[in-house]
Amino acid sequence: MGIRQIAASRLWGPLMAVALLLVALPSRAEYADVVLNKYAEKNGMRPVIFPHWFHRIRFRCKVCHFELGFEMRAGSNDITMGKIIDGQYCGMCHNNEIAWSVEHCDRCHSGRPGLKTRIYGGHETSGPSRW
Amino acid sequence: MIVGRISRAGLVSLVGMALLALSLSSGAEEGKKKERWKRFENDGLHDPGNPAIGELQWPGDAFEGFPMDNPDTGNQVDWVRALESGVIVPRTNLFPDTHIEVLDLDIIMDQTSTMPYVRFPHRAHTQWLDCSNCHDHLFVKKSGANPVNMFAILSGEYCGRCHGAVAFPLTECRRCHSVERNSFRGNFGAQEGPGRVYPPVMEQEVVN
């Protein structure tokens, strides 16, 4: 085996590691951000970004996932503006009493066009395994 | 002569571009050092053209003074300690008649192959969640009766409904698998007495 081949074979591992790192790193969304785009873009609005982190500073999980009945699975809640204005889902708080009301469209409808409905930053998290 | 002039202009612009690139990269590096959380404009999710982007709170501002988790682990916030220490006081209910229950009961799960046993703390979970969020559609209320396994968890079932999605990620093996197999002498399942109290995440012993 020539020196060049050995060098190439030794470099292979690190190169693969760097390549994997580059594939693994593009996750930039904040952990647990949920994109809701079942109806938004079809109706000419940006997809909705729901930041879990922001809400859990102010509310325990149980408020939305027990009292308000949000299913714990991204995309499984049939949320429409009509329901929100009627006081369901987000509208339970976003009514100008507990939180700002629905006239601030762009605060929620803030995603890039084309985003799919799902939870972001979750399985893509690049946290090191500590055990 | 003309060639000389062009090359000189080219040289000047090259040096200028190099200096610009250098200042940009060092600026970006400085920003990177300071900022643990991505700015909305370049998080790949928010539309930078959204007129309301400046009205949104940035995690770095919101998490000021919070107990931290390791860099790149979930939100990088030790949520359990943030709650217990009173740094945050999130509401438990919106309706006045909602029954709030916190259960202080640890469960030791022994079906963990060669991994350390899992010590599940009800307390940390019920401070955030209602019993019905897990019982009985994810777990029946009987220790040993749930066929929990890592494959199901990694695909979003059982613990994986939250861990790996919103609660601390599945890379933190030992945060659940915390009981050494060869030193545990008690009974599996429900443990007597109050649940174990853990130090903040950043002070917990790292086992390699």
Side-chain angles (χ1 to χ4, degrees), chain A residues 24-35 46-47 49 51-74 92-93 97-98 100 104-115 118-131, chain B residues 37-38 40 42-48 50-53 55-57 59 62-63 66 70-77 79 82-83 88 90-95 98 100 115-116 126-130 132-133 154 156 161-162 164-175 177 206-208:
Chain A
L25 282 181
S27 149
R28 291 159 162 196
E30 187 52 33
Y31 191 67
D33 276 354
V34 179
V35 167
R46 290 185 179 86
I49 299 175
H52 260 113
W53 63 268
F54 179 94
H55 288 84
R56 71 183 290 190
I57 293 173
R58 295 150 177 93
F59 298 90
R60 299 180 200 230
C61 321
K62 56 178 102 180
V63 172
C64 299
H65 291 297
F66 170 56
E67 286 191 304
L68 304 190
F70 277 93
E71 195 67 42
M72 298 192 296
R73 180 75 87 190
M92 190 66 211
C93 290
E97 286 172 29
I98 296 173
W100 39 267
H104 298 283
C105 317
D106 293 332
R107 290 186 187 170
C108 301
H109 291 275
S110 59
R112 289 171 187 249
L115 289 172
R118 67 174 177 90
I119 195 154
Y120 283 76
H123 294 83
E124 298 159 301
T125 188
S126 51
S129 177
R130 268 169 291 272
W131 64 291
Chain B
W37 294 272
K38 279 274 178 286
F40 294 130
N42 47 30
D43 71 352
L45 219 58
H46 288 83
D47 184 351
N50 175 15
I53 199 162
E55 296 168 28
L56 305 176
Q57 191 181 27
F63 297 154
F66 280 27
N70 291 291
D72 290 330
T73 300
N75 298 120
Q76 312 179 77
V77 166
W79 286 107
L83 183 66
I88 56 170
R91 284 179 73 157
T92 53
N93 56 306
L94 292 174
F95 311 123
T98 298
I100 304 296
M115 282 294 283
T126 50
Q127 279 174 336
W128 289 101
L129 291 154
D130 186 73
S132 67
N133 289 134
L154 282 158
R161 192 63 80 99
C162 297
V166 57
F168 69 74
L170 298 168
T171 45
E172 308 307 296
C173 316
R174 282 299 289 259
R175 231 172 264 183
H177 290 273
V206 177
V207 186
N208 284 308

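Chain letters run A, B, ... following the sequence lines, proteins first and then strands; every chain starts at 1.
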Name the member of A/Arg56, A/His55, A/His65, A/Met92 that forms the most heavy-atom pairs with chain B at distances under 4.5 Å.
-> A/Arg56
State, to 0.1 Å, how close B/Ala52 and A/Arg107 come at their nearest heavy-atom pair, and which atoms those are.
-> CB-N, 4.0 Å
Contact summary for B/Asn93 and A/Val63, nearest pair of heavy atoms = N-CG2, 3.7 Å
Quick one: list whatever passes side-chain hydrogen bond (donor to acceptor under 3.5 Å, both in side chains) with B/Asp130, sequence neighbours left out.
-> B/Ser132
Under a 4.5 Å heavy-atom cut-off, does chain A meet the side chain of B/Gln76, its backbone, both or neither?
-> neither
Give, as side chain, backbone, both or neither, the part of B/Ala167 having an atom under 4.5 angstrom from any heavy atom of chain A.
-> backbone
Within residues 62-74 of chain A or reaching into it, pairs that qualify as salt bridge (Lys or Arg N to Asp or Glu O under 4.0 Å) - sequence neighbours excluded = A/Arg73-B/Glu157
Nearest heavy-atom approach of B/Asn75 to A/Tyr31 is ND2-O, 3.0 Å
Residue B/Phe63 versus chain A: region with a heavy atom under 4.5 Å = side chain
Name the orientation class of the two ring planes belonging to B/Phe40 and A/Trp53 (parallel below 30°, tilted from 30 to 60°, perpendicular beyond 60°).
-> parallel
Residue part contacting chain A, namely of B/Ile53, when any heavy atom lies under 4.5 Å = neither
A/Arg58 side chain to B/Pro90 backbone, donor-acceptor under 3.5 Å | no
Which atoms of B/Glu55 come close to chain A, meaning under 4.5 Å heavy atom to heavy atom: side chain ones, backbone ones, both, or neither?
-> side chain
